[in-house]
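Index from 1, following the sequence.
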Amino acid sequence: MNKNTEIVTISIVTHNSDKIFLSLDTLIDKLGKSPAVRIMIFDNHSDPKYQQKLMDYQQYPFVHVTLHKENKGFGFGHNFNLFPKPSEYAVIFNPDIILEQDVLTGLVSLIKEHPEVALLAPKILNEDGSTQYLVREKLDVFDYMLRFIPFSFVKKLFNERLAKFECRDLSDEKDSYVRMISGSFMVVDVLKFIAVEGFDERYFMYFEDNDLCQKVEAAGHKILYTPRFQVIHLYERGAVKSRKLFLVFLQSMRKYFSKWGWQFF
């Protein structure tokens, strides 16, 4: 096996995310001194002190940091990292993911066993071990907006509908083909990713992962979900807490449904 197929790229895009340092420290500790991994960090114009702290990680020969002069968004950064085809397989990796070495090895081995698969997702957990239900069968405006309603009695009223939207009935025992997975953590076949032109950079943030899944499906490839491997996502739900990010969310929602067709219910 040549060097290019041995190496797995971990692509991280960040903008002043304080969680990245815990994520990197944990990951590097688990990887050991000479891992078959290349960590590519794309910084979207963070603060100078933050950028300097990121650059310190280049003391590790398998870490490369790119400092961009403006914030071009999530998809732009991952495309920048992966379009040169740094490896056969890569991991789209949020800066707030906690990952074990054996999980990474297992996921890459699994996607290699499935040539029909372009994207692969593990089970994603909160810090307390509860499941983040991030797999989707379809998207519509009503269900997406329902998740932002702060009143628990409303969510109880539509609990069955929300459960279906969040694919809570997926098996915990076996792998499943699904239609959409989260960009917070996904293993990708890099050639297939490039063939569908990666992330649509018109999305600054939000919905670019759903868009990618739609393009992959349209190209005839499969998306696989495996509950046998798990990662922890230090999820902050920025669009719920920040008015500015909620507006970005709404803009991306409009772009997505304008591109793929509006579904309200």
Side-chain angles (χ1 to χ4, degrees), residues 1-15 17 19-21 23-44 54-55 57-68 72-115 117-122 124 181-201 208-209 212-213 215-216 221 223-224 226 229 231 233:
M1 186 179 290
N2 62 44
K3 182 179 179 181
N4 198 45
T5 56
E6 290 176 350
I7 294 291
V8 174
T9 300
I10 294 177
S11 177
I12 303 175
V13 175
T14 186
H15 174 72
S17 172
K19 300 284 194 305
I20 194 173
F21 304 112
S23 181
L24 285 173
D25 290 344
T26 303
L27 179 61
I28 290 169
D29 179 63
K30 299 296 183 183
L31 290 175
K33 293 183 178 180
S34 302
V37 167
R38 177 186 293 109
I39 301 174
M40 300 184 71
I41 302 169
F42 184 92
D43 179 77
N44 263 321
L54 278 183
M55 293 299 290
Y57 283 90
Q58 290 197 136
Q59 65 182 287
Y60 301 100
F62 52 89
V63 177
H64 177 75
V65 180
T66 298
L67 303 179
H68 203 59
K72 298 285 284 185
F74 176 92
F76 179 92
H78 286 299
N79 287 349
F80 182 94
N81 282 345
L82 298 184
F83 277 1
K85 195 184 179 295
S87 57
E88 188 174 354
Y89 300 100
V91 182
I92 305 293
F93 191 106
N94 259 27
D96 53 2
I97 290 286
I98 304 298
L99 174 70
E100 300 283 346
Q101 164 68 35
D102 58 340
V103 172
L104 177 62
T105 303
L107 289 170
V108 173
S109 295
L110 183 57
I111 197 172
K112 286 180 179 180
E113 294 170 9
H114 290 272
V117 169
L119 306 174
L120 168 67
I124 298 178
I181 59 177
S182 169
S184 59
F185 187 97
M186 57 170 68
V187 183
V188 305
D189 180 313
V190 176
L191 277 182
K192 293 183 177 73
F193 178 84
I194 293 170
V196 299
E197 300 181 338
F199 288 110
D200 186 334
E201 296 173 10
E208 66 283 287
D209 48 1
L212 175 66
C213 291
K215 293 195 295 181
V216 161
H221 305 306
I223 301 170
L224 189 65
T226 176
F229 299 94
V231 301
H233 183 202

Checklist line | Test ring pair (Phe, Tyr, Trp, His ring centres under 6.0 Å) applied to F229 - qualifying residues, sequence neighbours left out | finding: none
Next item on the list: Test I10 against L27 for side-chain contact (heavy atoms from CB on, under 4.5 Å), laying out the working first.
Entry: CA-CA 10 Å; I10 294 177; L27 179 61; 3.7 Å; yes
Check: Can you name the residues that form a ring pair (Phe, Tyr, Trp, His ring centres under 6.0 Å) with F62, not counting sequence neighbours?
Finding: Y60
Note to self: Tell me every residue that passes side chain to side chain donor-acceptor pair (under 3.5 Å) with T226, counting only those two or more places apart in sequence or in another chain.
What the structure shows: D175
Notebook entry, point to check: Roughly how far, to the nearest 0.5 Å, is the CD1 atom of I97 from the OG1 atom of T26?
Noted result: 11.5 Å
Notebook entry, point to check: So which heavy atom on V13 is nearest to which on F74, and how close?
Noted result: CG2-O, 3.8 Å
Item checked: By side chain to side chain contact (heavy atoms under 4.5 Å, CB included) - contacts of H64 (at least two apart) -> Q58, T66
Next item on the list: Dump the intermediate steps for side-chain contact (heavy atoms from CB on, under 4.5 Å) on I12 and L24, then the final yes or no.
Entry: CA-CA 10 Å; I12 303 175; L24 285 173; 4.0 Å; yes
Next item on the list: Measure the shortest side-chain to side-chain distance between E208 and D200 over non-hydrogen atoms and say whether it is less than 4.5 angstrom.
Entry: no
Item checked: Student check: side-chain heavy atoms of L99 and V91 closer than 4.5 Å -> no
Notebook entry, point to check: Between atom CG of L120 and atom NZ of K112, what is the distance when rounded to the nearest 0.5 Å?
Noted result: 13.0 Å
Next item on the list: Over all heavy atoms of both residues, which pair between A118 and H221 is shortest? Give the atoms and the distance, please.
Entry: CB-CB, 3.7 Å
Margin query: What's the separation between atom NE2 in H78 and atom OG1 in T9, rounded to the nearest 0.5 Å?
Written below: 12.5 Å
Item checked: Flag side-chain contact, heavy atom, 4.5 Å: I20 against I41 -> yes
Margin query: When you compare the side chain of D209 with that of I92, does any pair of heavy atoms fall below 4.5 Å?
Written below: no
Item checked: Point-to-point distance, once rounded to the nearest 0.5 Å, from OG1 of T14 to CZ of F93 -> 11.5 Å
Next item on the list: List the steps and the verdict of side-chain contact (heavy atoms from CB on, under 4.5 Å) for V190 and E88.
Entry: CA-CA 6 Å; V190 176; E88 188 174 354; over 6 Å; no
Check: Taking only residues two or more places apart in sequence or in another chain, which ones pass side chain to side chain donor-acceptor pair (under 3.5 Å) with N81?
Finding: S11
Margin query: According to ring pair (Phe, Tyr, Trp, His ring centres under 6.0 Å), who are the partners of H68, at least two apart in sequence or on a separate chain?
Written below: F42, F76
Margin query: I'd like to check I39 versus L31 (side-chain heavy atoms, cut-off strictly below 4.5 Å). Are they in contact?
Written below: yes
Check: What residues, two or more places apart in sequence or in another chain, satisfy side chain to side chain contact (heavy atoms under 4.5 Å, CB included) together with F83?
Finding: N79, F193, I194
Margin query: If you compare all heavy atoms of V196 against all heavy atoms of K215, which two are closest, and at what distance to 0.1 Å?
Written below: O-NZ, 3.0 Å
Notebook entry, point to check: If you take all heavy atoms of P95 and S23, which pair is closest and at what distance?
Noted result: O-CB, 3.4 Å
With a cut-off of 3.5 Å and sequence neighbours excluded, list every side-chain donor-acceptor pair involving residues 182-189.
from	atom 1	to	atom 2	distance (Å)
S182	OG	S184	N	3.0
S182	OG	S184	OG	2.8
D189	OD1	L191	N	3.2
D189	OD1	K192	N	3.3
D189	OD2	K192	NZ	3.0

Next item on the list: Could you pull out all residues at least two apart from T105 that satisfy side chain to side chain donor-acceptor pair (under 3.5 Å)?
Entry: Q101
Check: Would you call L82 and M40 a side-chain contact if the rule is heavy atoms closer than 4.5 Å?
Finding: no
Notebook entry, point to check: For I223 and C213, which heavy atoms make the closest approach, and how far apart are they?
Noted result: CD1-CB, 3.6 Å
Notebook entry, point to check: Which atom names give the shortest non-hydrogen contact between G73 and N44, and what distance separates them?
Noted result: O-ND2, 3.0 Å
Notebook entry, point to check: Who passes salt bridge (charged side-chain N to carboxylate O under 4.0 Å, His left out) against E100, sequence neighbours left out?
Noted result: K30
Check: Tell me, do I7 and P86 make a side-chain contact under 4.5 Å, heavy atoms counted?
Finding: no
